Amino acid sequence: MGIIVNRDVSVIVQGITGRQGQFHTKLMLEYGTKIVAGVTPGKGGTEVHGVPVYDTVAEAIHEHKVDASIIFVPAPFAASAALEALENGVKIVVIITEHIPVKDTIKVISYAKRIGAMIIGPNTPGIITPGECKIGIMPHHIYEPGNVGMISRSGTLSYEIAASLTRSGIGQSTCIGIGGDPVVGMSFVDVLRLFREDPRTDAIVIIGEVGGNLEEVAAEYIIKENYSKPLVAFIAGRYVPPEKRMGHAGAIVMGRTGSAESKINALKKAGVEIAQKPSDIAVLLKRLIRR
Amino acid sequence: MGIIVNRDVSVIVQGITGRQGQFHTKLMLEYGTKIVAGVTPGKGGTEVHGVPVYDTVAEAIHEHKVDASIIFVPAPFAASAALEALENGVKIVVIITEHIPVKDTIKVISYAKRIGAMIIGPNTPGIITPGECKIGIMPHHIYEPGNVGMISRSGTLSYEIAASLTRSGIGQSTCIGIGGDPVVGMSFVDVLRLFREDPRTDAIVIIGEVGGNLEEVAAEYIIKENYSKPLVAFIAGRYVPPEKRMGHAGAIVMGRTGSAESKINALKKAGVEIAQKPSDIAVLLKRLIRR
Amino acid sequence: MKLVEYEAKDVLKRYGIPVPQGIVVTSVEEAYKAACKLKPPFAVKAQVPVSGRGKAGGILFAYSPDEVKVIAEKLLGMHIKGLPVKSLLIEEKLSIKKELYFGITVSRVDQTYIMIASQEGGVDIEEIAERSPEKVMTLRLDPWLGLQPYHARLAARFMRYSGDALLSLENIFQSIYRAGMDYDAELIEVNPLAETIDGNFVALDARIVVDDNALFRHKELQEKYFELLSPHEREAAKHDLAYVDLDGDLGIICNGAGLTMATIDVVHLFGGRPANFLDVGGGASPERIAAAVKMLLLNPKVKVILINILGGITRCDEVAKGILDALRSTGIKKPLAVRLVGTNEEQGRRMLSELGISVVDSMEDAVRQAVGMVRGDGRDGDYR
Amino acid sequence: MKLVEYEAKDVLKRYGIPVPQGIVVTSVEEAYKAACKLKPPFAVKAQVPVSGRGKAGGILFAYSPDEVKVIAEKLLGMHIKGLPVKSLLIEEKLSIKKELYFGITVSRVDQTYIMIASQEGGVDIEEIAERSPEKVMTLRLDPWLGLQPYHARLAARFMRYSGDALLSLENIFQSIYRAGMDYDAELIEVNPLAETIDGNFVALDARIVVDDNALFRHKELQEKYFELLSPHEREAAKHDLAYVDLDGDLGIICNGAGLTMATIDVVHLFGGRPANFLDVGGGASPERIAAAVKMLLLNPKVKVILINILGGITRCDEVAKGILDALRSTGIKKPLAVRLVGTNEEQGRRMLSELGISVVDSMEDAVRQAVGMVRGDGRDGDYR
């Protein structure tokens, strides 16, 4: 179980023949993810690690049952690849690609909402339900099955925290990277909603960062819905200067909005425990779950 | 009763301050149509025949309950006017304007379908439920309330036939012009479906013309659904040369498709009585209804 | 508005789509010179905006400039489907491995654009679709998404290409779509789209039909549009009238395309032969009506004029005024059969009857009267 | 990428949006000459891509070319928010009746573009929205529909205009939107949009922030982008590294923006002062790592380098190779604190330990070690 993905989900890899696509297809297969096909225009008829490659998603769908797609297609073509998956009925689309123009992302997300599909990312490490299914690029050996859900805007920072949880004996139900771009398909709220209904998730870790106000909106949601499960948050970027882009397109403090203080204060007000540094999260969680 | 419109429908007129808009607003008001507001950008705050004029549909909607809109806006701006009505929640949009580029029409219709609204036209005389409500430009004195529904692709030809029915003592439930353009919001099938469910409609007149294959599709529908109400059809353009556009953008015979013969044969096969000339329709109807 | 082949190919070139080397000429000497600049063999192609040019003998092949000269002589001045051949396209004839079809057109039933791809090209797509439907694929396009690269790839796959050929075709199809949308094309088709023996794809022939209603967005085409019309049609277009020449002697003026077509049909049923389709449209001004009547008064082919106006937007008094103005200004008299009902009906009738023009109530009466007038034997037309 | 005022105004001009008459200059003499060509009074405006220029003294007014000269002398060479003023925009100062605001920006929460219109302009829109929220309207735009004319009219109505002014504003707003979309702008705002005393609308100031990720679609901007970067940032951008100068002495290299920011935070918590933000990104090649390490080795401000790599896409053996290459090629030695876990971890550690570089497991251990190295007293950093 866990949210969104489990061991029964069938996955296609778009951009499977590229360096990243090949590498992570291998790792996902090793993890047990059911990868049924790959898609790369012009490479149809070949194979990658035993996975058949098609020129189009339509052909892959014709031959296989497909629930989800993971996209490694280069930025200029990634939005169209996502639309291809969506138009062919794929309901979960994980976009690993970074540097997609926001104009393109906005169109993809709008289309996905219209047809009721789910976009994870772009610029995300993906999603993992430890021990069952990984649709992403995270180093999976650091995860262990368990009862803590994790939502993160950043990739490696979430690995850091997952590894520290695992070392402390805290396993994870599902860990999802919502993506580091300014506009992403799923918000903290979207994922919190799913975790609330998930019987296997007992507590949730929110990993935020400067930029935007998704964390503040999440805080409002937690208050309004009287969110029942314990929450711990870490917000990165307390000491970064304003108006400078910190790597992620999404991480930028503009004027009054987007600062770490604003986010931390909002979450505190919503009763979320705030970790000062990544390693504190496990400590706080243990305390909360014991209660 | 009748279909789509009745005496309770509240209507706005987009392009109300133009020559046509003003003229037909007067006639519609005289007929008893509930025209609650008009919209012309730059003319907000004025009045036309006692109807308040706004700059935007949003302002009109804010002040009045609105069910339908009739559009007299010039062709280059008509599609956007229709989108304005649709985005503001108007569910019935009658587009009188002719010469709208088909690319624009296609976008409007696609958007309307997405949000579940109804487009009548473009290039239509509109819709009338005699004695109750007219959202259109037809000379209403030729109509009488009754039990025959009418669907037409052309304007004046439908007046010709309505007048001949009325003269023969046959009244009409609702008469709808679906529009003379190649792409229109409602098809014969869409309207036939509504007439089937309308208790006040006992027989239906289909007025088709050369071009396209909406009539053939209607014939297929009649056969497939085992359509229960008697139907009479007249198809204009039996003697027009191919590949020439006959006034209407929609009236053009291309290669094998769109000829009057093809339509007449298809409808005959579906059990529809075919009138040789407009005045035959009343004769055929009387015979069918008497049965 | 139909673009002729070389105009359509100019558009394709602008969008990076390969077309054969070619030169447009309007005289035999130019044709010879053009051939000298190109590599034989040659295709010599009449530039008329009609389909079925090839079957009508409008496309011929030559192996030397001298042969091109002979063929040009033959083609220039020829008429194809009634249209005079005024220019030729002299092209290098390529060695072809396969002929395909790709097009984007408006589908009335689907209420959107559709992509049409065929494994076979060179003849009308309708013919291929009828004979071998399995060779033709169509795909509805969401007008807000447009033709995405993956739609183009689906077409290329359907044509059984893969690898680099698939990617080349993807580019070409996307460019065709973009050209079609930019030009507000109701139809843009490349037929045949040829695969040459060296594995390249070339547009051997192309058709673009631009939506007349969108010409206001394409000023450069608007002028050409008028050049393509017949003199009568041009005169009509000036006054916003929809006009088509027919081959009879009974002039017809109506308002509304459907009513005009129906009137033509009824004229036939009563034994008459319409000289034209002339729709004055909705809400015609007296000037427009006058222009319409004048056109038919001045057309020597027209013996009698049948006016069938059912006023909706059109007002009968304005129609009467237009008729009277035309009669006065031309000074020409032809028998008139007039049917006039609708807005301001009485007023219109009165104005006409003052000049001795009688007005009838019913369309069929007017037709019968008009057909009788043409026959000139004092009897009305008969229903056959 | 932020365009400076005159660049943004050039874009607006291209879209037909009125801007004041003005001339860009880079020297005092040019400033004087420009003023002679324009009508007084003048606005003299420092061209730096930061907000709050006015408050920082970067916009001054003059009534004669001589006065312009004096002001230009003062402004050129000044620094605003750390950026040197290299060019000025000399403009005719208009007589203003009212200042408005109009902008299009990306809304993260709405996941689409929003239109922002304000009855008041001239100061930051955030400030207006906070002080007088009733004066500001925002509207979500369906990205497939875009800004339709009626959306623009709604904004004009909200600003309380009607009649011809409404139609002028409609045009201006649509043009602003079109410019924004064509340039892939994350933000395009005209502030103030002024109504002059003679009833015209003029863009007095404008900001355009182009989406860096979309620069591949705007080759002409790509070059300028590099010019705007600091030398360190430019060097970093060449190697696809995300780099930001900070004011401390502890160099930081991480993979992933979030981890880098968290590392900076933890360094602060342990009493250190980061010299930079440097994210090598996902799947960094040995070359990219080497470039990153080299940058910090060559930066005299950096005393110690903290490398914190958690391999996901990034492979540890490649990271190690990059570090070693940088050390070898520069020949510079600085204390290194390395944390390296993930794919091919053992191999990476072995390569480094062969050179006497010890590798730790935990981020906090590495930070503690690095902070201690900077302090140089043999003790690790402390959590404060």
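Here the structure is a predicted model, which is why all the values come from computation and not from measurement. Below, chain A is the first sequence line, B the second, and so on; all start at residue 1.
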Margin query: I'd like to verify something: which residue of A:S187, A:P278, A:P125 has the highest number of heavy-atom pairs under 4.5 Å with chain D?
Written below: A:P278
Under 4.5 Å from a heavy atom of chain D, the part of [X] involved:
| X | value |
| --- | --- |
| A:I207 | neither |
| A:V189 | neither |
| A:I100 | backbone |
| A:F234 | side chain |
| A:V217 | side chain |

Check: If you tally heavy-atom pairs under 4.5 Å against chain A, which of D:V109, D:T260, D:N308, D:I264 wins?
Finding: D:V109
Checklist line | Which of D:S107, D:G281, D:A214 touches chain A most, by non-hydrogen pairs under 4.5 Å | finding: D:A214
Any donor-acceptor pair under 3.5 Å linking the side-chain atoms of [Y] with those of [X]?
| X | Y | answer |
| --- | --- | --- |
| A:K26 | A:H49 | no |
| D:E189 | D:T105 | no |
| A:E144 | A:T166 | no |
| A:E98 | A:T124 | no |
| D:D245 | D:N276 | no |
| A:Q276 | A:R238 | yes |

Is it the backbone or the side chain of [X] that comes under 4.5 Å from a heavy atom of chain A, or both, or neither?
| X | result |
| --- | --- |
| D:Y113 | both |
| D:R273 | neither |
| D:E364 | side chain |

Next item on the list: Identify the heavy atoms of D:I188 and D:A179 that sit nearest to each other, and give their distance.
Entry: CD1-CB, 4.0 Å
Notebook entry, point to check: Can a cation-pi geometry be assigned to D:R315 and A:F23, taking NZ or CZ under 6.0 Å from the six-membered ring centre and within 45° of the ring axis?
Noted result: yes
